[in-house]
Number of protein chains: 2
Amino acid sequence: MAPEPRHNPIRVSCYECPLRRMKQFRPFTEAELEFVSNFKRGELQADPGTTVLVEGARSAHLYTVLSGWGFRYKILEDGRRQILNYVVPGDMIGLQGAVMAEMQHSVEALTPTTLCVFERSRLFSLFERHAGLGFDLTWLAAREETILDEHLLSVGRRSALERASYLLAFLFERGRVSGIVTEERRHVPITQSHLADTLGLSIVHTNKTLKKLSDRGLILWRDRGCEILNARGLEDIAGWAPGEARIRPFI
Amino acid sequence: MAPEPRHNPIRVSCYECPLRRMKQFRPFTEAELEFVSNFKRGELQADPGTTVLVEGARSAHLYTVLSGWGFRYKILEDGRRQILNYVVPGDMIGLQGAVMAEMQHSVEALTPTTLCVFERSRLFSLFERHAGLGFDLTWLAAREETILDEHLLSVGRRSALERASYLLAFLFERGRVSGIVTEERRHVPITQSHLADTLGLSIVHTNKTLKKLSDRGLILWRDRGCEILNARGLEDIAGWAPGEARIRPFI
DNA sequence: CGGGCTCTTGATACGTGTCAATGTTGGTGG
DNA sequence: CCACCAACATTGACACGTATCAAGAGCCCG
């Protein structure tokens, strides 16, 4: 059994938020910072394998990832699993549940993860008091939609080799812009089982596909994860290129 | 070549919007109605096959579907196409382009379609002046995300028969709640080529899969489209059920 | 009347899934 | 410190689902 996530008091004040300092995130006004600071109710520590949000639940909270990797997924009754997307620092999770009735997907931590906890019931006041933050939420939702569009294109129309290349290049790029992978640490902490469930392939075929990428020197499987050696090469195979990284909001 | 969409002056005032009267949509306050009425810049008539929005463009507008069916899609360089979702009356399109830099997908009309045209540049004032409408936009984006999640699960993990059943049941349900299909007119106006490109299957295999559903009496192919004879039967095959229809926003 | 879509069907090829066995690694407890 | 175990990764053989190729029928519209 996975351990329960630990709900802790606030350790990192929004005023000293380490993510806030990074230049890829839109800076807050003083008033916005104060509002978000009050909006934040605590922090959550989640170990690898912990289910942070579960499909069908009516969560009273929503979260922003402060550190760590995680993923969103759905499962069919017989256990078939589809991973929908991955989350990295700066991503918000649980907005669906906050805005609709209940969660339609689950979220699990891949690495030790820290989440900021927000009160769902105060979400509407965010829109009332700070139009800019409301716009940011729509922005975040629209970006998630853009990513899902690309994934759907991938799973629906790309070959296994293209799909795997796209996904690895995508994960590398997401890690890069969120600061969680760097030129020195180009490690993506997922198992081949996760990849398979994202690509819509079997584990065995995923393994054989990854071997082709390894043989070409594009990746290296190590330490329960994947080193991206040549992101550009992966993008070429996939016929995909990351959009230019622009300043993005983050709540 | 597809004809150009025709940009017309306003014919239907928001005050007499036929959709607004339907009970499945959240009612507006007087102030909201007035704002949206000013937000609306015109109407667009699109014939079947018309591309309403094109990937890569920076559109100055966003749209709400007043009547008709359409679909969103992406294509790879070599022409492989993936249909991402369908649009029905009450759906907003172009929000991605309005909120990000440029459109990441295209939209095409399936039937004669009427769209309300809104000014993208005034989107932010919507958030400033009417928090409720801003919240609605986030709601709409979150719902689109929920749908894409289910599609991704379907394409990634369901068999061809399950996938086709899910998609047809889904389309029937969307048509039903938007009032565009009724108990008497249960017709979904798509070709098998559209279905194939949504399901991630070839046209030939899609045809053979649909034949199985026809043989079981669940559907009937007629008039360039599909009659849904037994939605419940389709849902059973897919292992999927529509969420309870709740009041939804619509701008 | 012809030409272009759409739909249909059979034969065959190929990509991916399934099964089975083995190797590797890291953690746990004696 | 070693033995054991549970995940995870790897590989080959074979089965099956889906793609591709090909041909033809029906239909609408110019």
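Letters A, B, ... mirror the listed sequences (proteins, then strands); counts begin at 1.
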Q: Would you check if there is a donor-acceptor pair between the side chains of A/His194 and A/Thr191 at a distance under 3.5 Å?
A: yes
Q | Where A/Arg157 and B/Arg80 come nearest, the two heavy atoms and their spacing | A | O-NH1, 2.9 Å
Q.
Over the length of the helix from C/dC1-D/dG30 to C/dG30-D/dC1, how much do the five-pair end axes diverge, rounded to 10 degrees?
A. 40°
(Q) Nearest whole Å is fine: how far is C/dC5 P from B/Leu110 CG? (A) 17 Å
Q. Do B/Glu227 and B/Arg185 pass the salt bridge (Lys or Arg N to Asp or Glu O under 4.0 Å) test, and can you show the C-alpha distance, the side-chain angles, and the key distance before you say yes or no?
A. CA-CA 8 Å; B/Glu227 308 281 326; B/Arg185 267 192 56 72; over 6 Å; no
Q | Side-chain donor-acceptor contact under 3.5 Å, B/Asp149 with A/Gln96 | A | yes
Q. Have A/Ser106 and A/Thr51 got a donor and an acceptor in their side chains that come within less than 3.5 Å?
A. no
Q.
So, applying side-chain hydrogen bond (donor to acceptor under 3.5 Å, both in side chains) with B/Gln192, which one of B/Asp197, B/Asn207, B/Thr206 is it?
A. B/Asn207
Q) So, B/Gln104 versus B/Glu55: side-chain donor-acceptor pair below 3.5 Å or not? A) no
Q | Parallel, tilted or perpendicular, as decided by the 30° and 60° cut-offs, for the rings of B/Tyr86 and B/Phe71 | A | tilted
Q: Check the distance between C/dT8's P and B/Trp221's CH2 and give it to me in whole angstrom.
A: 8 Å
Q) Tell me, for nucleotides 9-19 of chain C in 5' to 3' order, what letter each nucleotide earns: B for a base near a protein heavy atom under 4.0 Å, S for only sugar-phosphate near one, - for neither? A) BBB----BSBB
Q) Can you find a side chain N or O atom of B/Gln192 that sits less than 4.0 Å from OP1 or OP2 on C/dT8? A) yes
